[in-house]
2 protein chains.
Amino acid sequence: MSQRKATSDAGRATIRDVAERAGVSVASVSRVLSGNYPVSEELRRRVMKVVRDLDYVTNAHARSLAGGGTPTVAILINNITGAAFAHVAKGVEGAAALRGWLSLVGTTGDDPERELALVNLMRQQGVAAVILLGGAYDYDEYQLRMARFARSLDAAGSHLVLVGRPPLEGDVPATTVDYDNEGGAYAMASHLLSAGHRRVLVLPGHAELTTAQARSRGAQRAFEAYGVPFDPGLVRHGRYDYEHGYEAVEAALHETPDFTAVLAGTDVVAAGAMQALRAAGLRVPEDVSIVGYDDIPLASQLTPQLTTVHVPYEEMGRVALRAVADRREGGAGRRKSADGDHLVLGTHVVVRNSVQPPPRRG
Amino acid sequence: MSQRKATSDAGRATIRDVAERAGVSVASVSRVLSGNYPVSEELRRRVMKVVRDLDYVTNAHARSLAGGGTPTVAILINNITGAAFAHVAKGVEGAAALRGWLSLVGTTGDDPERELALVNLMRQQGVAAVILLGGAYDYDEYQLRMARFARSLDAAGSHLVLVGRPPLEGDVPATTVDYDNEGGAYAMASHLLSAGHRRVLVLPGHAELTTAQARSRGAQRAFEAYGVPFDPGLVRHGRYDYEHGYEAVEAALHETPDFTAVLAGTDVVAAGAMQALRAAGLRVPEDVSIVGYDDIPLASQLTPQLTTVHVPYEEMGRVALRAVADRREGGAGRRKSADGDHLVLGTHVVVRNSVQPPPRRG
DNA sequence: TTGAAAGCGCTACCAG
DNA sequence: CTGGTAGCGCTTTCAA
């Protein structure tokens with residue numbers, strides 16, 4: 001009496017339940033369901049009927065263990081509420097769904113420990129790839145840490161993809177999808193300089209963040225190209241958030257109030273800067289011009305609409321997923337090909353209404 | 001020669017590799033790793049050493065099949081780039097991480113077919129719960145559809161959680177986490193009315209969206225309470241996005257320009273409305289007042305800062321996860337208890353600077 | 001305290 | 001075209 005195959009047992013129905021109910025073998029049910037093997041119409045009909053009756057779905061874990069299984073990619077993100085990240089995630093998710101792949105999202109909250117834990121967790125899940133999103137902090141360990149992740153994942157048959165952060169040095173099994181960050185910053189700063197601005201408040205972000213570093217470099221190169229001195233006193237570092245933009249401008253207004261433009265590290269920072277300027281009774285762009293970076297929806301929703309650098313976030317997500325999928329299908333043939341291991345997408349300035357030539361000096 | 005257990009085989013290391021290398025049994029390795037069974041220090045040391053050497057992690061699928069496994073919750077969302085949803089997701093993710101649970105995110109793009117496919121996909125994954133986020137369209141089928149999901153998931157040992165949408169009727173195995181949507185709208189509208197506004201442009205969202213319906217009801221109730229006629233001509237339905245806000249105001253300015261306030265269905269709609277008003281040369285709030293709903297970060301980043309209704313999105317996410325976790329630990333004891341099956345969180349008006357008494361009529 | 005072995009549900013190979 | 005069956009990697013009795 002202890003036979004556990006009692007027909008309507010508790011819990012999930014299994015493939016055996018379906019087989020028995022349909023009077024066919026387990027193998028046949030499997031074949032009907034995976035659909036990658038010829039079966040007679042009659043068999044298919046019988047099986048599908050039972051499948052519907054039982055509302056049966058295959059156990060993904062068992063399937064995965066036995067060889068089959070849906071490829072899954074993991075997206076690791078600092079903070080899911082960041083608009084830029086969300087768009088990359090959307091790109092990945094969309095491209096994954098298109099192929100019937102699944103995507104997992106994990107958030108690290110900028111905590112290296114948690115990042116490590118998540119990478120391992122994803123390794124346990126046997127994901128096809130782990131996609132790390134967003135700028136990284138340029139600690140000494142960074143390269144080593146990522147290289148370790150990459151090898152670890154690679155050994156497990158997975159793959160590391162870095163999106164929006166610098167590529168790894170040396171022969172590390174990882175793919176990088178990046179955008180022309182420095183070029184965008186160069187173009188953005190040039191736009192300001194060519195409008196006649198000379199004293200520009202620069203809010204690049206955290207000095208240790210790779211994203212911020214690239215944007216700084218681009219801006220500096222533009223200043224050099226225009227022969228305009230780059231005043232370190234007009235540079236204020238801080239977080240990529242609204243509050244930082246607000247506070248930095250507030251402080252600058254006290255200490256170095258002669259700036260005629262703000263070059264913000266992100267659109268959100270620009271929004272904060274704009275608010276602070278307003279609070280101080282200054283008009284944008286009549287008194288002070290502002291530019292951002294990222295071109296998230298917020299940029300076009302501000303008043304005035306923000307001139308900024310467009311970064312193709314969603315496309316980066318798509319590209320990242322495609323890279324993983326291609327590599328998977330391509331087999332082990334060209335594993336170490338340098339091609340396709342570092343993809344760089346373009347950026348461009350989107351001119352809207354937040355820039356104007358500087359007012360005449362009083 | 002065909003024995004496949006050659007030590008350094010390709011692919012992932014298995015528990016057997018670890019066992020052999022450490023000279024112990026598979027069972028012992030399992031016990032050391034899961035840590036829920038007494039083992040000698042010596043054994044533990046030996047095993048852990050090999051685990052580190054091999055950079056071994058257990059196969060989550062195998063573990064899950066065999067009974068163990070990390071509980072996983074799935075979050076199904078219409079559009080990952082919506083700020084409100086992102087905050088709920090953050091809440092869920094955070095609470096899940098706290099318990100060592102994993103979370104999956106899938107996007108439906110408002111497509112019922114895809115929603116169904118995802119629910120089944122999640123069922124295959126054997127997730128502990130499927131959390132459906134965001135307002136639903138009030139089609140006739142809705143209740144039936146959700147009831148089917150609920151039962152289907154329940155039969156598979158999973159559970160359906162509805163967040164931000166109305167509870168299911170009848171005895172359906174699902175949990176709902178909701179907020180006082182109507183009450184918030186009532187309070188918000190009252191705020192406008194008590195400031196003296198009588199002609200207010202209402203942009204509730206799509207007429208079929210449950211969220212919009214609740215907000216409409218709340219607003220209407222407020223109008224009634226104030227004895228102010230609710231003019232259907234001043235109601236404009238549309239999507240919850242910036243463009244709709246902009247276009248609706250633009251159109252209203254042509255057709256019914258006597259409104260002195262805008263009651264927007266969401267903060268994003270309010271942002272669009274604000275922009276349109278500005279474009280028409282109107283000042284906010286001097287000429288026209290505006291209020292939003294949701295209290296996403298954007299609300300406080302607009303100029304003027306938006307008076308809106310605060311919805312505890314992140315907390316809703318946390319509460320949703322907690323409900324699932326509790327139910328899981330609580331065992332099958334109080335499965336059908338009505339308590340805890342419908343949780344409602346409060347909302348409240350956040351007064352900022354976008355409302356002022358209406359200007360004197362010219 | 002440790003080891004051996006029986007599955008978890010499914011896929012894929014080998015016969016028929 | 002269909003059925004039997006050997007694992008996939010792990011957890012968990014049951015013995016020792």
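Lettering follows sequence order; numbering is per chain, from 1.
One atom, CZ of A:Arg123, and another, P of D:dC10, lie 12 Å apart when rounded to the nearest Å. Rounding to whole angstrom units, CD1 of residue A:Ile15 and C1' of C:dT11 are separated by 8 Å. If you take CD of B:Gln125 and C1' of C:dG9, they are 14 Å apart, rounded to a whole angstrom. Rounded to a whole Å, the CG atom of A:Leu54 is 14 Å from the P atom of C:dG9. As a whole-Å value, the separation of B:Arg16 CZ from D:dG7 P is 10 Å. One atom, CG of B:Asn59, and another, P of C:dC8, lie 18 Å apart when rounded to the nearest Å. To the nearest angstrom, C1' of D:dG3 lies 14 Å from CD of A:Glu20. The distance from atom CG of B:Leu65 to atom P of D:dT11 is 11 Å, rounded to the nearest whole Å.
A:Arg63 places no side-chain N or O within donor-acceptor distance of the main-chain N or O of A:Gly69, the cut-off being under 3.5 Å.
For B:Glu41, the CD atom counts as densely surrounded, since its 6.0 Å shell holds more than 12 non-hydrogen atoms of other residues, nucleotides or ligands.
Classification of A:Asp326 and A:Arg322 as a salt-bridged pair fails, no side-chain N sitting under 4.0 Å from a carboxylate O.
In this view, A:Leu98 satisfies the side-chain contact (heavy atoms from CB on, under 4.5 Å) rule with no residue, not counting sequence neighbours. Remark: B:Val119 engages B:Leu76, B:Phe149, B:Leu153 in a side-chain contact (heavy atoms from CB on, under 4.5 Å) (not counting sequence neighbours). With sequence neighbours excluded, the residues satisfying side-chain contact (heavy atoms from CB on, under 4.5 Å) with A:Thr107 are A:Ile77, A:Ile80, B:Glu93. A:Thr81 meets the side-chain contact (heavy atoms from CB on, under 4.5 Å) test with A:Asn79, B:Ala86, B:His87, B:Lys90; sequence neighbours excluded.
If you check the side chains of A:His342 and A:Thr175, you find no donor sitting under 3.5 Å from an acceptor. For B:Arg123 and B:Ser152, the side-chain atoms include at least one donor-acceptor pair closer than 3.5 Å.
For the OP1/OP2 pair of C:dC10 and a distance below 4.0 Å, the side-chain nitrogens and oxygens of A:Tyr56 include at least one atom meeting the criterion. Regarding contacts with the backbone of C:dG3, a side-chain N or O of B:Ser25 is found under 4.0 angstrom from either OP1 or OP2.
Less than 4.0 Å separates DNA chain C from at least one heavy atom of each of the following residues of residues 28-52 of chain A: A:Ser30, A:Arg31.
When the nearest nucleotides of DNA chain C are assigned to B:Val26 and A:Gly67 by heavy-atom distance, the more 5′-ward of the two goes with B:Val26.
For the helix from C:dT1-D:dA16 to C:dG16-D:dC1, the end axes, each set by the C1' atoms of five terminal pairs, are bent relative to each other by 40° (nearest 10°).
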